[in-house]
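First up is the structure itself, then whatever we jot down about it.
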Amino acid sequence: MVAEPSTPAAAFAGDANFTEPWSAQVRTLTRLRRHREALALLRHGDPSPPPHALALPSAAISCAALSLSSGISQIHALAAKRGLLPAADAYLLSALLTSYSRIGRLPLAHQLLDEMPLESTPHTTLRTAFNSVISGCALHALPAACFTVFRRMRAASVRFDAVTLLALVPAAPLSAVPQVHALAARAGLAAETSVANCLISTYARGGAAGAALARRVFDEMPLASRDLVSWNAVLSAHAQNGLAVDALELYRRMRGPDGGGVEPDAVTLVGVLSSCAHQGARGMGFDIERYVRERLPSFRTNVQLCNALINFHARCGSLPRAQRLFDEMLRRSIVSWTALITGYGMHGHGDIAVSLFERMVSEGIRPDNVAMVGLLSACSHAGMYDEGRRYFSTMESAYKLQPTLEHYTCMVDLLGRAGRLEEARELISSMPMPADGAVWGALLGACKIHRNAELGEEAFEHIIELEPRNAGYYVLMSNIYTDTGQLDGVARVRTMMRERGLKKEPGCSYIEHKGRVHLFMADDHSHPQAKRIYELVIRLEQMVKEKPGARESGAAEGGEKEVAVQPLIGFHSEKLAVAFGLLNTEAGSEIVVIKNLRVCGDCHSFLKAVSGIANRAFLVRDASRFHRFKGGVCSCKDYW
DNA sequence: TTAGGGTTAG
């Protein structure tokens, strides 16, 4: 084959500066990350004049990049032989320190640091040397070592700088980050863009409270210091911690005058799409997809961005679009598969989820814990008891995966829903770790479906120990008592809630129309069209009532579903949202509603009946899955 | 010529 001019060597020959000595060319190649060529040139270059001044530091860095540990040792030995160490050649010393640190030979890095003459070495060289080792410790996940070296640095009266902090801040335990932050502020470094960005992303690891701290750092940054990374970091801080509304609001601000003309990049969009998916913000997600297709035409090569789009579509009701994106991807990761598997699971297509999973495995991708959660929950939503149990029991032998709390939650849900309450209870007893609120909550939900107050009480006892402030579980227990006619139980749970100051999270549903979000709460009259909406709901209620068999009983009920305030005409939010959709959209189009809680049995049978009467399709995403109502039936087959 | 900040799935 004829070498094309685009091959690395030929390209280098083409752009090489031939007036530059070959040792300087080594440096250039290292800078261009063409490490193999750099080392080849070092090996074959003219040995006189000696290459040490320019070539050796670069060669050490190239060795580290290629994990050539012995290469670094050889350069080190050569330097020692030539008398360039300990500190005669500061650059070579720095390069060796960096190389040893990057490759994880930290004892050697420490040794070099120890050998440095503190008095005669320039201060900046000392600082770089300490920074190299601290960064190396951070790179190799040795946070305690970072601080040990940092203390030595301070004991030696070497001033730290922004680079030191970029390694140190993420290495600090979350509880100690504010102290490092204060240290940075006292040194006048906390306002530097790189340091502030680093603080934002580190605080972001600390849940909702951390997101608030991250937000404060961002808000305190001078406008001129905020760059794209600052916006991305603060946006992700909210997106990662479930604060989707704030993340979307930040994105709007970024695009407005506050953004200072910063254009989003793929990283921004990944974060925003995740929040759109979480929040059901379909309009914004669609806008972003348009932006991606117009402005980032090579997006198909960006696996994370494609994954974010797949996840968005799968969770926002457009499975065909998610599937198309998946099919178009040039390279896929396990995340791509998981997003799609989870999406099919949420829509009740357990069979498709299972076959996707099998296809993934046959393509040589080993499932991870998250993929298994997606698969097991897909089985659970579809009532695929045998498959779910089989996959769960072979997790360890087939895929070397230890079941986590989330897998147990899926399995308790799967067994419980299928009516195997005792089996679910036994599974909890057999767990190698203590069950958490979610596991017991899954059992409680199953007890609601199967009206088992006794086992429900046991689950509830555990839950109020583990999650005493989660009102949803109290409502669930109270509903079990209602269903089993134990009114004293209902009163007891209500008293507990009152004494503890707990209020049920209000149910809300929303629908997007012509670029606007229309939000409804139960019995909410604030919408401008409220009068027409209520009239329509009442009319539909009457039509449903008159339709024989329209409101059958026996639908599976369970989980933290909303309770109808009035059994006959409960103006739950999803009814209002669907009525708004019927009044404002054209016949034939699908009405998509996003809801925060689970659909109650009453609304479920109402929506089924109305889909038949009005000959319209409603797609409702509730807290755990999608329901597609059409022609009088629901895609969940009343199993939810 | 040396040290370096942000991202996805349940």
Side-chain angles (χ1 to χ4, degrees), chain A residues 23-24 26-28 30-31 52-61 89-99 101-102 124-136 138-139 160-170 192-202 204 214 227-237 239-240 265-275 277-278 302-312 314-315 333-343 345-346 368-378 404-407 409-410 438 624:
Chain A
S23 59
V26 173
R27 184 184 67 194
T28 307
T30 297
R31 279 198 199 144
H52 58 267
L54 290 171
L56 286 186
S58 300
I61 298 292
D89 187 329
Y91 288 125
L92 182 51
L93 178 74
S94 281
L96 283 170
L97 270 165
T98 304
S99 307
S101 300
R102 280 199 187 155
T124 51
T125 307
L126 286 174
R127 181 154 65 200
T128 303
F130 277 105
N131 281 350
S132 292
V133 181
I134 295 173
S135 299
L139 189 67
F160 63 90
D161 65 1
V163 179
T164 324
L165 292 168
L166 295 179
L168 216 54
V169 169
E192 278 199 24
T193 303
S194 64
V195 176
N197 291 350
C198 180
L199 283 165
I200 292 170
S201 52
T202 305
D227 65 2
L228 176 59
V229 176
S230 321
W231 283 100
N232 288 350
V234 74
L235 207 147
S236 310
Q240 283 166 13
D265 70 353
V267 176
T268 324
L269 301 177
V270 166
V272 184
L273 280 168
S274 154
S275 289
H278 190 268
N302 184 328
V303 179
Q304 278 119 319
L305 185 53
C306 288
N307 291 347
L309 282 166
I310 292 172
N311 180 51
F312 164 73
R315 292 177 161 276
S333 70
I334 186 162
V335 179
S336 330
W337 291 91
T338 304
L340 200 60
I341 289 169
T342 305
M346 284 180 74
D368 65 4
N369 278 331
V370 186
M372 289 307 302
V373 170
L375 177 70
L376 294 177
S377 75
T404 68
L405 280 169
E406 283 160 311
H407 301 108
T409 305
C410 286
S624 74

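These values consider heavy atoms only, across backbone and side chains, with no hydrogens, waters or symmetry-generated copies. Convention: sequence-line order gives letters A, B, ...; per-chain numbering from 1. Computed from a prediction, not measured in an experiment: that's the story for all the values here.
For A:T128, the side-chain atoms get nearest to B:dT2 when compared with the rest of B:dG5, B:dT2, B:dT7. Nearest nucleotide to the A:T193 side chain, out of B:dT7, B:dA9, B:dG5: B:dG5. Distance from the side chain of A:V163 is smallest to B:dA3 among B:dA9, B:dA3, B:dT7. Listed nucleotides B:dG5, B:dA9, B:dT7 differ in distance to A:Q304; the shortest reach to its side chain belongs to B:dT7. When distances are taken from the side chain of A:R31 to each of B:dA9, B:dT7, B:dT1, the shortest belongs to B:dT1. Distance from the side chain of A:D368 is smallest to B:dA9 among B:dA3, B:dA9, B:dG6. Comparing B:dT1, B:dT2, B:dG4 by their nearest atom to the side chain of A:S135 picks out B:dG4.
The separation between A:L340 atom CG and B:dA9 atom P is 15 Å, rounded to whole Å. The CG-C1' distance, from A:L305 to B:dA9, rounds to 14 Å in whole Å. A:D227 has its CG atom 18 Å from the P atom of B:dG4, to the nearest Å. For A:N311 and B:dT7, the CG to P distance is 17 Å, given to the nearest whole Å. The distance from atom CD1 of A:I61 to atom C1' of B:dT2 is 7 Å, rounded to the nearest whole Å. The distance between atom CZ of A:F312 and atom P of B:dT7, rounded to the nearest whole Å, is 22 Å. What separates CG of A:L168 from P of B:dA3 is a distance of 18 Å, to the nearest Å. Atom pair A:L165:CG and B:dA3:P shows a separation of 17 Å (rounding to whole Å applied).
Within the 4.0 angstrom heavy-atom criterion, no nucleotide atom of any strand lies near A:R127. Among the heavy atoms of the strands lying under 4.0 Å from A:S201 are primed sugar atoms or P, OP1, OP2 only; no base atom is included. Residue A:S230 is classed as having no contact, given no heavy-atom separation below 4.0 Å to the nucleic acid.
For the pair A:T404/A:H407, a side-chain contact is recorded, criterion being any heavy-atom separation below 4.5 Å from C-beta on.
Contact annotation: A:Q240 side-chain N/O to B:dG6 OP1/OP2 distance is not under 4.0 Å. Between A:S274 and B:dA9, a side-chain N or O to OP1/OP2 separation shorter than 4.0 Å is present. Phosphate proximity of B:dA3 to A:R102: present, with a side-chain N or O under 4.0 Å from OP1 or OP2.
Not counting sequence neighbours, the partners of A:S132 by the side chain to side chain donor-acceptor pair (under 3.5 Å) test are A:T98. For A:D161, the salt bridge (charged side-chain N to carboxylate O under 4.0 Å, His left out) test picks out A:R127, with sequence neighbours left out.
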#### Entry: Intermediate values then yes/no, side chain to side chain contact (heavy atoms under 4.5 Å, CB included), A:V303 and A:S336
CA-CA 8 Å; A:V303 179; A:S336 330; 4.3 Å; yes

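Between the side chain of A:N131 and the base of B:dG4, no donor-acceptor pair under 3.5 Å is found.
Screening A:D265, A:D227, A:N197, A:L269 against A:N232 for a side chain to side chain contact (heavy atoms under 4.5 Å, CB included) leaves a single residue, A:D265.
Of the N and O atoms on the side chains of A:S275 and A:H278, not one donor lies less than 3.5 Å from an acceptor on the other residue.
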